[in-house]
Trainee: 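Please find one structure pasted underneath; my questions will follow.
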Amino acid sequence: MRVTFDLESETGVRRYAEFIDRAADLVVSYGGSLSGEHGDGQSRAALLPKMFGPELVAAFAKFKHAWDPDNKLNPHKVVDAYLPTENLRLGADYRPLKPQTHFQFPDDDGSLANATLRCIGLGACRKSEGGTMCPSYMATREEEHSTRGRAHLLFELLQGEVLRDGWKDEHVKKSLDLCLACKACKSECPANVDVATYKAEFLSHYYESKRRPLRAHAFGKIDRWAATCIRSARYCEFFQSCHGRATPA
Ligand code: SF4
């Protein structure tokens, strides 16, 4: 079961905290586990005393202190844990930029920011064989060249905190440069992240104040080149036919 919470308002975050606290009590009352593969590090670590009891959790702390007296290794994970609502990706202060866009993003309430939130970090784009997504990651094995890396960089661009150059940001440009715009992610990613569309949106703004490379003109204006070639071919034909008539005389 996946429950959706409003993690963009104080009330929503408070409700989320209350919900998981009560859910944890319920799970423990049935002898269940609060986490399976994930969650012990931070998102549910503060709830572990409910499951293991204070004595065992105190023993965790003692054990960690014995090996890491200066608390340098993963501080505030499992032991002395952050609250589940600390360090949320969104949070009540989530206010992404809302630039005008050429694409409508109809499945994301018309918002590029919402579109970048489609990526939930699953990492299906980081596979090395099978399927098509993501060819650039398969070649470089760099996170910035994966669908997830690109979606996160665009998320950061719209946050404007770490990446501050907006549409002119070179980190985002560099990451998108190797995107083949093959659209494999749109069909193969479980969240249908569509980086090819986001790339087109980004580049259209990036080049508002810069010269496009020649190859962009070569491919982007292929219809005009084709029309010019047809006109030239007709002109040549006409010229040849005139010349052909003139020669025998
Ligand atoms: S469109 Fe870009 S990000 Fe998506 S799978 Fe293709 S190369 Fe990767």
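Counting starts at 1 for both ligands and their atoms, in listed order. Values below: all heavy atoms of this structure, side chains included; hydrogens, waters and symmetry mates excluded. The first residue in the sequence is number 1, and the count goes up from there.
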Trainee: Using distance alone, with no hydrogens and no angle criterion, decide if E208 and H205 have a side-chain donor and acceptor under 3.5 Å apart.
Mentor: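 A pair is found: one side chain offers a donor N or O, the other an acceptor, under 3.5 Å apart.
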Trainee: Among all protein non-hydrogen atoms, which one is nearest to atom 7 (S) of ligand 1, and what is the separation to 0.1 Å?
Mentor: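 Result for atom 7 (S) of ligand 1: L180 N, 3.3 Å.
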Trainee: Would you kindly confirm whether L88 and L158 end up in one hydrophobic cluster when ILVMFWY residues are joined by side chain heavy atoms under 4.5 Å apart?
Mentor: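 Shared cluster, no.
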Trainee: Considering only heavy atoms, does A181 approach ligand 1 within less than 4.0 Å through its side chain, its backbone, both, or neither?
Mentor: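 Just the backbone.
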Trainee: When you measure from atom 4 (Fe) of ligand 1 to every protein heavy atom, which one gives the shortest distance, and what is it?
Mentor: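 Protein heavy atom with the smallest distance to atom 4 (Fe) of ligand 1: C185 SG, 2.3 Å.
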Trainee: For N71 and K64, test the side chains for any donor-to-acceptor distance below 3.5 angstrom and give the result as yes or no.
Mentor: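 The answer is yes; a qualifying pair exists.
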Trainee: For atom 8 (Fe) of ligand 1, grab the closest protein heavy atom and report residue, atom and distance to one decimal in Å.
Mentor: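 Of the protein heavy atoms, C134 SG, 2.4 Å lies nearest.
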Trainee: Just checking, any donor-acceptor pair under 3.5 angstrom between side chains of K186 and T197?
Mentor: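 No, no side-chain donor-acceptor contact under 3.5 Å.
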Trainee: Which atoms of ligand 1 are found less than 4.0 Å from any heavy atom of C182?
Mentor: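 The list of qualifying atoms is 1 (S), 5 (S), 6 (Fe), 7 (S).
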Trainee: Side chain, backbone, both or neither: which part of R150 comes within less than 4.0 Å of ligand 1 when only heavy atoms are counted?
Mentor: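 Side chain only; the backbone of R150 stays clear of ligand 1.
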Trainee: May I ask you to check if any N/O/S atom from C179 comes under 2.8 Å of atom 2 (Fe) of ligand 1?
Mentor: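 Looking at C179, which is the residue asked about, there is an N, O or S atom under 2.8 Å from atom 2 (Fe) of ligand 1.
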Trainee: With distance as the sole criterion, is a donor-acceptor pair present between the side chains of D108 and S111 under 3.5 Å?
Mentor: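 No, no side-chain donor-acceptor pair sits under 3.5 Å.
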Trainee: Taking the six-membered ring of Y206, is the NZ or CZ of R212 close enough (under 6.0 Å from the centre) and on axis enough (within 45°)?
Mentor: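 No, R212 and Y206 do not form such a contact.
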